[in-house]
Protein chains: 2
Amino acid sequence: MATRTRRPERREEPLSRQRIVEAAIGLLDTSGEGALTFRALAERLATGPGAIYWHVTGKDELLNAATDAVIATTMTTGTTMTTGTTMTTGTTTTVGTTGTTGTDDATPQEAIRTLALGVFDAIDAHPWIGTQLSRAPSQSPVLRVFEHLGRHVQTLGVPHPAQFTAASTLLNYILGVGGQNAANARVLQPGTSRTEFLSTTATAWAGLDPDEYPFTRNVADQLRDHDDRTEFLAGLDLILTGITTHQNPTDPTPP
Amino acid sequence: MATRTRRPERREEPLSRQRIVEAAIGLLDTSGEGALTFRALAERLATGPGAIYWHVTGKDELLNAATDAVIATTMTTGTTMTTGTTMTTGTTTTVGTTGTTGTDDATPQEAIRTLALGVFDAIDAHPWIGTQLSRAPSQSPVLRVFEHLGRHVQTLGVPHPAQFTAASTLLNYILGVGGQNAANARVLQPGTSRTEFLSTTATAWAGLDPDEYPFTRNVADQLRDHDDRTEFLAGLDLILTGITTHQNPTDPTPP
DNA sequence: ACCTGAACACCGTTCAAGT
DNA sequence: ACCTGAACACCGTTCAAGT
C-alpha cells in the first residue's frame, strides 16, 4: 500500500476567479463560443452553476475577464498562448529583424507591426476574442491595446494632437479585421483549412452578378493566393504610411 | 353606418418576409438588440412565433436580412432611413456609372468619405447594425459595402493588385469603428448624450494608473471636445493618404 | 400554402438551504 | 465565507394540428 502523504491532493482545489476564467477559456477554445454555459462550466469545475456567481457577477464579466486574460499576456509577451499546447507562433518572420517578438524592434513601425500581429494571432488562436473585442466598449482589453499602440505612435514622433487619431485608427482597423476573422471562424466547419475557405469564397465571388458586384468579381482571383497575415500587414502599412505622411506632407493634399 | 367597402382593410395583411423584416427593424430600433424575440415579433405581427419560420429560416437569417435592408438603402441612397420610412426592397439604383450615391462627389476620395459616413450614420441610427456587421462573415451586407468601396478605389487609380488591400483596409476600419460605436451604444443609458458620455470616459481615463496607462491618460483631455464623426473622417483620411501615397511614393519606405 | 400555439430543450440568473 | 442545486423566467425552434 502506498504510504498516505500528509498532504493528499485535495479532491478539488477551491473555486476561484482564476480557475473559473481558465476553465472558461478552455471551454471557449475547445468547443467554441456557443459552448460557454454556466452549466457546462459548473460541470467542468465539479460544482453547481450557482457557485460561479459568487466569484463572478455574470456572463458578461466572465467573457470580459477571459478576453482580458488572453490580451494581457499577448500584450506583455507578444506571444499567443493556447489552452493545452505550447504553441510556437510559427511564421515569426516578417516581424522584425530579431525573432523575439515583443522585444527589440528596430523602428516604432516594426513595434506596431509586432503588436498588431500579436493581436491578430491571438484572435486566430481564440476566435471568440475577436467577437468579444468588437463587442466590448473601450474597457480593459481594448484599452490595453489602445494604450500600447499609443505609446508606439508617440515614439513614432506623431505630434500630440494627432496621436489620438493615429492610435484609434490603428485600433479600429485591428478590431475590424479581428471581428471579421472571428465571424469567418464561426461559420467555418472546424475542419476547413484556410486555403480551402479562400478557394470557396473565391469561387463564390467569381459567380456573383457582374452588374451588381463588378469589383468583387474582379478581385476574386486575387483571393486564392492571399495570405491573411500578409494582407493584414499590408493594410497596417497603408495606415502607417498615412500616419507618417501626414507628419511631413510632401504635398499638402493629394488631388 | 359607413358603407362597407368592397375591399375592407383586412384585419391583418398577410404575413410576408418583408413585413417580418420591417417589424424586426422596428423592434430593434425602438427597444434595442435584446428586444428582438420571436415571441415579441409574433405579438407585434399578431400571430404565433411558429408562423415566422415559414418565411424565414431562423434568427440569424432575420438579423442578416434586417441589416441588409438598411445597408442596401444606405448604399444606394447615401442616406440613413429611420424606422417609420417605407422601404421598398428594390436595389436597382447605383449600378450604373452615373453614381447617384449621396450626391455628385467631385473626387473619388469624397465619394469614399460620403460612403463611409453613410455607414457610420446608419450605425449611429441603428446601433444593432454595428454589432451585426462585425459578426457577419463576408456576406451580403458587408460584401455590399466592400463592393462600393472597391469601385471608388478603382476610380482612385489604384493599380489592380493593390485594389483588394485598399478596399479591405477601408472596410475593416469602418467595421471596427462601427463595432465599437455599437458597443458603446449598448452600454449607454438610452438617455445619455454623446458629450456626456465622452466627458465621463475622459474623467475615467484621467484617473487611470499613470504607470499602466500613461498614453491613455495623456490623451484623455482630447476626448472632451472630440466629435465622433470628425474623428472617424480623420482616420479615414489617414488611410486614404496611405493609399494614394503608396501609388506614387516620394520615398519608397519610410525609415 | 400558410398559420397556430403548445411543447421541447435549452439558457442565465436567483436564492433558500446547507457547510 | 463559500458552495449546492432546484426553481424561475425566459429563450429559439419544432411540429402536430388546423384552415
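None of the values given here were measured: they were computed from a predicted structure. Proteins get letters first, then strands, A, B, ... in listed order; numbering begins at 1 in each.
Atom CD of B:Glu43 is surrounded by 12 or fewer heavy atoms from other residues, nucleotides or ligands within 6.0 Å.
To the nearest angstrom, P of D:dA16 lies 17 Å from OH of B:Tyr53. Distance, A:Arg39 CZ to D:dC11 C1': 12 Å, rounded to whole Å. Between the P atom of D:dC10 and the CZ atom of B:Phe38 lies a distance of 18 Å, rounded to the nearest Å. Atom CG in B:Leu45 sits about 16 Å away from atom P in C:dC2, given to the nearest Å. The CD1-C1' distance, from A:Ile52 to C:dC15, rounds to 16 Å in whole Å.
For D:dC10, there is no paired base (Watson-Crick or G-U wobble, both distances below 3.5 Å). The nucleotide D:dC2 finds its pairing partner in C:dG18, both defining distances of the Watson-Crick or G-U wobble pair being shorter than 3.5 Å.
Between B:Phe164 and A:Phe215, a ring centre-to-centre spacing not shorter than 6.0 Å is recorded. Ring centroids of B:Trp205 and A:Phe146 are separated by less than 6.0 Å, placing the two rings close together.
Screening B:Thr195, B:Thr203, B:Leu198 for a side chain to side chain contact (heavy atoms under 4.5 Å, CB included) with B:Arg224, the sole residue that qualifies is B:Thr203.
B:Leu36 comes within 4.0 angstrom of the backbone, heavy atoms only, and of no base.
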